[in-house]
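Data block below; observations after.
What's counted below: heavy atoms across the whole structure, side chains too, no hydrogens, waters or symmetry copies.
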Amino acid sequence: MFKYFPHTESDLKAMMDKVGVKDLDGLYAQIPDAIRFKNDYQLPSEMSEIEVRQLFDKLGSQNRQMTCFAGYGVYDHYTPSAIPSLLQRSEFLTSYTPYQAEISQGTLHYIFEYQSMMAELTGMDISNASMYDGTTACAEAMMMAVAAGKKQNKVLVSDTLNPDTRKVLDTYALHQGIELETIAEKDGVTDIDDLKSRLAQGGVAGVIVQQPNAVGIVEDYTGFAEACHEQKALFIMDSVAADLAVLKTPGEWGADIAVGDGQSLGIPMQWGGPYVGYMCCTEKLIRKMPGRIVGMTKDNRDQRAFVLTLQAREQHIRRQKATSNICSNQSLMALFVTIYMSLMGKQGLKEAAELSYAGAHYLCDKLLATGRFSLVYDKPFFNEFLVRYDGDMDKLFSTCMMNNIFPGIRMTDGGLLIAVTEKRTKEEIDFFLDMLKLADGLK
């Protein structure tokens, strides 16, 4: 009811006595006088509600609304308008932790539904209650493989994994005593011969690949799971969540652990976060999975109830013995994607994915037809593809940006990585093509 209680004078005095200062200025005594701000703050006087709204509308109008053709792990998908309203319902948006099951039934319920949907989407047995984001979910899967592999501490990572994810893996591995090796890529895809050669050397706890890979190629992972399992290694697949509505699932590929980012399930790009990571696995690995799992049971009145079915207590009270110290996350984002999947349904997810695929292939065909663009890899792709442009890339970018189009991601080798989602209309794609032709001097 009362969201803010101001401190009384006695409160302030008690706090200052505790830290050993006479007044509030004493808290900042160590800050040099030369760098202290002494002018008046440029704050407006009080405003009415409508004046505040008008002020922020005016500030917001200074932002440029770009039509986005960039991806590389973050995608401009549609957000159904019902989500923000449902997201704020009191039975879901609560400050109570899930440990207080009698008060947290709304929270536990949506986590249970989230787990059920993610397990079905990935084709896996088990899902946890979600992770921070896709990169840390992948890092947790790496540590999970090492924990399951006992004395094996080597993890093989495909060179086609997103470089941002690889950097996070490197950071985690450095402090966990994990040895990372890179599986070579061949013609844009993971080299299975190099994988088998490295597996044969022994000591491998897990293998990490990505689907679609970092440059959008849909890789054929036939034989990968069998090669891993022959050497007692876990097969880990990192995937864009929305793409699994139409692509072969990690479960169908024989993966032991499926991870990735759920941002593609309707979460706006919003300057890089917050997003939500997912982690699913086979039932035999359930005890090695970090985080918690919500289950459904019945109470003493024989009514349906939700509880924390599984959580490794040492994660909370014996940190040094824990396989992971991730115990919670932005569960609000798990609720977000749960509502999204509920509203879209199986058919809606499939249709959105098919629209993304169709738009990307339409744009790619048109670019190739100009004679100035070529595919870097002649491989199957879903909604993202890498092209090489033999013109002035700087001019291309500046022309598009001036016309409120973000044309893609410039790669270090001179390529342009372009992504198309269901939000991109044919008119937007054609306008993008017109701007490319304008930059290139084509008619």
Side-chain angles (χ1 to χ4, degrees), residues 71-75 122 131-146 154-174 176 178-199 204-221 223-225 227-228 233-244 247-250 253-264 275 277-281 376-377 379-386 409 411-413 415 417 419:
Y72 209 39
V74 178
Y75 303 91
T122 59
M131 311 292 284
Y132 292 123
D133 57 24
T135 57
T136 52
C138 191
E140 290 287 334
M142 171 189 70
M143 295 192 295
M144 185 175 164
V146 171
K154 186 189 300 182
V155 175
L156 306 181
V157 183
S158 173
D159 200 26
T160 65
L161 186 74
N162 188 296
D164 291 336
T165 304
R166 178 57 191 263
K167 290 176 184 177
V168 175
L169 292 179
D170 290 339
T171 301
Y172 272 66
L174 177 65
Q176 295 289 332
I178 297 173
E179 180 184 350
L180 291 183
E181 287 188 7
T182 301
I183 309 166
E185 64 90 9
K186 185 177 181 181
D187 297 327
V189 298
T190 311
D191 187 347
I192 190 170
D193 293 329
D194 188 47
L195 166 67
K196 291 179 178 179
S197 174
R198 293 179 183 278
L199 282 169
V204 177
V207 173
I208 301 175
V209 299
Q210 183 171 325
Q211 181 77 315
N213 70 22
V215 294
I217 296 172
V218 178
E219 296 199 32
D220 182 359
Y221 288 115
F224 276 66
C228 293
L234 297 183
F235 184 40
I236 302 166
M237 186 172 287
D238 187 312
S239 302
V240 177
D243 297 355
L244 298 178
L247 294 180
K248 193 173 180 179
T249 66
W253 284 117
D256 300 286
I257 306 173
V259 293
D261 208 300
Q263 180 273 331
S264 59
Y275 298 150
Y278 69 85
M279 174 181 278
C280 304
C281 69
V376 176
Y377 302 108
K379 300 286 185 181
F381 65 89
F382 183 61
N383 72 316
E384 192 167 21
F385 56 95
L386 182 63
I409 303 293
M411 308 299 280
T412 55
D413 62 356
L417 187 64

What pairs with Tyr377 under ring pair (Phe, Tyr, Trp, His ring centres under 6.0 Å), at least two apart in sequence or on another chain?
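For Tyr377 there are no ring pair (Phe, Tyr, Trp, His ring centres under 6.0 Å) partners, ignoring immediate neighbours.
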
Only counting residues at least two apart or in another chain, list the ones meeting ring pair (Phe, Tyr, Trp, His ring centres under 6.0 Å) with Tyr75.
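Applying ring pair (Phe, Tyr, Trp, His ring centres under 6.0 Å) to Tyr75 gives none.
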
Check whether any side-chain N or O of [X] sits under 3.5 Å from a backbone N or O of [Y] as a donor-acceptor pair, and report yes or no.
| X | Y | result |
| --- | --- | --- |
| Asp193 | Lys196 | no |
| Tyr278 | Val259 | yes |
| Gln210 | Pro212 | yes |
| Thr165 | Leu161 | no |
| Asn162 | Tyr72 | yes |
| Asp194 | Ala184 | yes |

Spatial distance of atom [atom1] ([X]) from atom [atom2] ([Y]) [nearest 0.5 Å]:
| X | Y | atom1 | atom2 | result |
| --- | --- | --- | --- | --- |
| Asp238 | Ile257 | CG | CD1 | 11.5 Å |
| Asp164 | Cys138 | CG | SG | 12.0 Å |
| Ile236 | Leu156 | CD1 | CG | 10.0 Å |
| Gln211 | Asp243 | CD | CG | 9.0 Å |
| Glu140 | Leu169 | CD | CG | 11.0 Å |

Distance-only polar pair, side chains of Glu219 and Asn213, donor-acceptor under 3.5 Å
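Yes, a side-chain donor-acceptor pair sits under 3.5 Å.
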
So which atom in [X] and which in [Y] form the shortest heavy-atom distance, rounded to 0.1 Å?
| X | Y | value |
| --- | --- | --- |
| Arg166 | Thr182 | NH1-OG1, 2.9 Å |
| Val204 | Ala233 | O-CB, 3.5 Å |
| Gly188 | Ile217 | O-CD1, 3.5 Å |
| Gly206 | Ala145 | CA-CB, 4.1 Å |
| Leu244 | Pro250 | CD2-CD, 3.8 Å |
| Gly254 | Ala225 | O-CB, 3.5 Å |

Holding to side chain to side chain donor-acceptor pair (under 3.5 Å), I want the full list of residues that pass it with [X], two or more places apart in sequence or in another chain.
| X | answer |
| --- | --- |
| Ser158 | Thr160, Thr190 |
| Ser197 | none |
| Thr249 | Glu252 |
| Asp256 | His229 |

Taking the six-membered ring for Trp, are Phe385 and Phe381 parallel (under 30°), tilted (30 to 60°) or perpendicular (over 60°)?
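Rings of Phe385 and Phe381: tilted, as their planes differ by 30° to 60°.
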
Test side chain to side chain contact (heavy atoms under 4.5 Å, CB included) on Leu195 and Val207; report intermediate values, then the result.
CA-CA 9 Å; Leu195 166 67; Val207 173; 3.8 Å; yes

